[in-house]
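Structure first, commentary second.
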Amino acid sequence: VKILVINAGSSSVKYTVIESDTNESVLTGAVSDIGQPGSVADHVEAFAKVLDSVGDVSAIAGVGHRVVHGGERFVQPVVITTEVENHISTLSALAPLHNPANLAGIRAARAVLPGIPQVAVFDTAFHSTLGPQAHTMAIPQELAKPLGIRKYGFHGTSHGYVSRIASEMLGGNPTEHRVITLHLGNGSSVAAVKGGVCIDTSMGFTPLAGLVMGTRPGDVDPSVITHLLRTTELSLDDVDDLLNTGSGLLALAGTHDFREVTSRALAGDASASLALDVWAWRIHHYIGAYTALLGGLDALVFTGGIGENSAVGRTMATADLTFMGIDLDDVANAVVSSEPRVISSPGTSVTVMVIPTNEELEIARQSAQVLTRAR
Ligand code: ADP
């Protein structure tokens with residue numbers, strides 16, 4: 001059967017048709033220039049264009065939608081009902097940049113294709129297994145609880161997908177595998193996965209926390225924010241903007257594009273070099289922390305635009321970790337490929353892998369599963 005996967009974002013609707021029996025992507029594309037990201041009418045227009053290129057919809061067994069925030073309730077993919085839509089809408093407060101567009105995409109698709117079942121797959125779901133010691137923020141709980149303030153984590157579909165493939169590549173007993181997955185793209189996060197279950201991840205209440213990203217700083221002392229508000233002319237919205245779109249590699253190196261940062265650093269640009277050092281230091285910090293939480297490490301996985309493509313990035317991210325069994329084979333690391341592969345030196349205790357992520361395929365797989373169960 002075919003599953004149509006929809007990723008309705010604020011500036012575009014990406015779509016992929018996947019043959020779920022063979023896991024093959026038979027069609028993929030994007031409609032850009034959505035007028036109002038949260039407008040159902042604009043998404044109906046975009047969805048009509050998606051269907052134009054899909055053509056015959058009679059073979060589509062279901063539509064799988066990417067939804068960024070599932071809150072505390074959606075820990076599994078669900079068949080979408082009006083009640084589910086309404087709950088996704090209430091979660092918009094937690095993900096104002098993403099959930100409204102995801103929801104408009106869902107409402108449009110359900111209006112245009114009322115006869116086809118639709119499934120929501122949540123970016124947060126893979127992290128719902130975090131224990132309270134991992135997801136509780138140490139602030140007064142009478143404030144945190146009613147506002148839903150806790151660690152949720154994001155990129156879960158990607159971490160789930162690549163950790164499963166890593167486990168298959170490792171062989172042996174999957175319930176014993178200790179895996180760290182590094183999703184490094186414009187947005188970046190890392191997850192600690194024990195026996196297939198996520199036990200911690202670096203993004204938090206929102207996708208701002210954790211690693212240094214293209215335009216986000218990742219972890220910062222929270223008092224930096226109060227200090228900025230107290231001592232500068234910046235408003236709350238200015239600071240919010242600065243943290244979401246004006247920090248990270250962009251702030252340190254003058255560009256958010258990792259390729260550009262590395263080429264500037266190679267050409268002797270000191271600020272680009274510093275940006276890479278800060279970026280790699282933070283990754284080391286998480287590799288150490290998560291190895292401790294996992295009680296050891298069997299595999300370290302690179303994915304995302306940087307993780308899949310930048311040999312320099314992977315080298316910097318793992319430099320001087322031979323003492324803990326992490327050592328790259330320079331020849332294997334330099335290989336350019338879109339296939340899952342091992343890049344560690346033979347005989348080292350940690351298998352380092354590059355596994356291209358495929359969130360669309362994972363959404364299709366999960367949607368097909370939910371629909372089979374619902375039938
Ligand atoms: P997003 O988080 O928006 O999905 P991607 O996963 O596509 O982003 O990652 C984008 C990042 O990947 C950019 O910083 C880009 O420079 C980097 N990247 C893409 N291709 C390469 C490459 N061949 N070499 C190094 N970096 C790359």
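Below, all heavy atoms of this structure are taken into account, side chains as well, without hydrogens, waters or symmetry copies.
- Counting only residues at least two apart or in different chains, side-chain hydrogen bond (donor to acceptor under 3.5 Å, both in side chains) contacts with residues 249-266 comprise Glu260-Arg264.
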Given Asp237 and Ser235, is the side-chain hydrogen bond (donor to acceptor under 3.5 Å, both in side chains) satisfied, shown in steps?
CA-CA 5 Å; Asp237 284 340; Ser235 70; 5.4 Å; no
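- Asn99 has its side chain within reach of Asn102: a pair of non-hydrogen atoms, C-beta onward, lies under 4.5 Å apart.
- Within a 6.0 Å radius of CD in Gln369, other residues, nucleotides and ligands contribute more than 12 heavy atoms.
- Side-chain N/O atoms of His183 and Thr303 include no donor and acceptor closer than 3.5 Å.
- Scored by the side-chain contact (heavy atoms from CB on, under 4.5 Å) test, Glu233 finds no partners at all (sequence neighbours excluded).
- Under the 4.0 Å criterion applied to side-chain N and carboxylate O atoms, Glu362 and Arg164 are assigned as salt-bridge partners.
- No continuous path of hydrophobic side-chain contacts links Val350 to Met169 [ILVMFWY only; heavy atoms under 4.5 Å].
- Residues Cys198 and Ala191 share a closest heavy-atom pair of SG-CB, 4.1 Å.
- Shown here for Val179 and Leu294, the closest heavy-atom pair between the two residues is O-CD1, 3.7 Å.
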With side chain to side chain contact (heavy atoms under 4.5 Å, CB included) as the test, would you mind laying out the steps for Ser367 and Ile363 before giving the verdict?
CA-CA 6 Å; Ser367 300; Ile363 291 170; 4.0 Å; yes
Between side-chain atoms of residues 108-121 and protein atoms elsewhere (two or more places apart, or another chain), which donor-acceptor pairs fall under 3.5 Å?
{"residue": "Arg110", "atom": "NH1", "partner": "Glu85", "partner atom": "OE2", "Å": "2.8"}
{"residue": "Gln118", "atom": "OE1", "partner": "His65", "partner atom": "NE2", "Å": "2.7"}
{"residue": "Gln118", "atom": "NE2", "partner": "Ala109", "partner atom": "O", "Å": "3.4"}
{"residue": "Gln118", "atom": "NE2", "partner": "Ile116", "partner atom": "O", "Å": "3.4"}

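- When the ring pair (Phe, Tyr, Trp, His ring centres under 6.0 Å) test is applied to His43, no partner is found at least two apart in sequence or on another chain.
- Among residues two or more places apart in sequence or in another chain, the ring pair (Phe, Tyr, Trp, His ring centres under 6.0 Å) test is passed with Tyr286 by Tyr290.
- For Thr226 (side chain) and Ser223 (main-chain N/O), a donor-acceptor pair under 3.5 Å exists by modelled atom type.
- Val31 is connected to Val17 through a chain of hydrophobic side-chain contacts under 4.5 Å among Ile, Leu, Val, Met, Phe, Trp and Tyr, so both are in one cluster.
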Go through the steps for Ile3 and Leu371 under the test side chain to side chain contact (heavy atoms under 4.5 Å, CB included), then give the verdict.
CA-CA 10 Å; Ile3 302 283; Leu371 292 175; 4.3 Å; yes
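- Nearest heavy-atom pair across Thr348 and Gly325 is CB-O, 3.5 Å.
- Between the CD atom in Gln366 and the OG atom in Ser20 there is a gap of 13.0 Å [rounded to 0.5 Å].
- No continuous path of ILVMFWY side-chain contacts below 4.5 Å connects Val301 to Ile283, so the two sit in separate hydrophobic clusters.
- For residues 137-155, the salt bridge (charged side-chain N to carboxylate O under 4.0 Å, His left out) pairs, not counting sequence neighbours, are Glu72-Arg150, Lys151-Asp200.
- Under the salt bridge (charged side-chain N to carboxylate O under 4.0 Å, His left out) criterion, no residue pair touches residues 28-41, with sequence neighbours excluded.
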Determine, stepwise, if the pair Thr357 / Ser158 fulfils side-chain hydrogen bond (donor to acceptor under 3.5 Å, both in side chains).
CA-CA 6 Å; Thr357 196; Ser158 177; 2.7 Å; yes
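- Here the closest heavy-atom approach between residue Thr181 and residue Ser163 is recorded as CG2-CB, 3.9 Å.
- Using a 4.5 Å heavy-atom cutoff, the side chains of Ile18 and Glu24 are not in contact.
- In this structure, Asp42 contributes its side chain and Gln36 its backbone to a donor-acceptor pair below 3.5 Å.
- Interatomic distance, CG of Leu228 versus CZ of Arg230, reported as 11.0 Å (0.5 Å rounding).
- Separation of atoms CG (Leu182) and CG (Leu211) is listed at 7.0 Å; rounding is to 0.5 Å.
- Taking both residues in full, the closest heavy atoms of Ser247 and Leu242 are given as OG-O, 2.6 Å, listed atom of the first, atom of the second, then distance.
- If you take CZ on Arg178 and CG on Leu300, they are separated by 13.5 Å, rounding to the nearest 0.5 Å.
- When hydrophobic clusters are built by joining Ile, Leu, Val, Met, Phe, Trp and Tyr residues whose side-chain heavy atoms come closer than 4.5 Å, directly or via intermediates, Phe323 is grouped together with Val352.
- The two residues Ala317 and Ile287 come nearest to each other via the heavy atoms O-CD1, 3.7 Å.
- If you look at His159 and His127, their ring centroids are closer than 6.0 Å.
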Determine, stepwise, if the pair Phe126 / Val193 fulfils side chain to side chain contact (heavy atoms under 4.5 Å, CB included).
CA-CA 10 Å; Phe126 183 65; Val193 184; 4.0 Å; yes
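- Glu360 is linked by a salt bridge (charged side-chain N to carboxylate O under 4.0 Å, His left out) to nothing, counting only residues two or more places apart in sequence or in another chain.
- A search for ring pair (Phe, Tyr, Trp, His ring centres under 6.0 Å) contacts involving Tyr15 returns nothing, not counting sequence neighbours.
- Using a 3.5 Å distance cut-off with no hydrogens or angles, the side chains of His69 and Thr124 do not pair a donor with an acceptor.
- With respect to Phe302, the side-chain contact (heavy atoms from CB on, under 4.5 Å) criterion is satisfied by exactly one of Asn309, Ile355, Ile180, Thr318: Thr318.
- Membership of the apolar cluster around Val78 extends to Val67, Val68, Phe74, Ile80, Val84, Ile88, Leu91, Leu94, Leu103, Ile106, Phe122, Met137, Ile139, Leu147, Ile149, Tyr152, Phe154, Met203, Phe205, Met213, as traced through chained side-chain contacts below 4.5 Å between ILVMFWY residues.
- In this structure, Ser128 OG and Gln76 CD are separated by 7.0 Å, a value rounded to the nearest 0.5 Å.
- Pairs of residues two or more places apart, or lying in two chains, that qualify as side-chain hydrogen bond (donor to acceptor under 3.5 Å, both in side chains) and include a residue from residues 319-346 are Arg314-Asn333, Thr315-Asn333, Asp327-Ser345.
- Summarising the geometry, atom CE belonging to Met324 is positioned 4.5 Å from atom CD1 belonging to Ile326; distances are rounded to the nearest 0.5 Å.
- Side chain of Thr232 to backbone of Leu229: no donor-acceptor contact under 3.5 angstrom is found.
- Judged as a side-chain contact (heavy atoms from CB on, under 4.5 Å), and not counting sequence neighbours, the contacts of Ser10 are Pro37.
- Linking Ile, Leu, Val, Met, Phe, Trp and Tyr residues whenever their side-chain heavy atoms come within less than 4.5 Å leaves Leu97 and Val13 in two separate clusters.
- Checked for salt-bridge contact, Glu83 and Arg73 meet the test: a charged N lies under 4.0 Å from a carboxylate O.
- Looking only at side-chain heavy atoms (C-beta outward), Arg216 and Leu243 stay at 4.5 Å or farther from each other.
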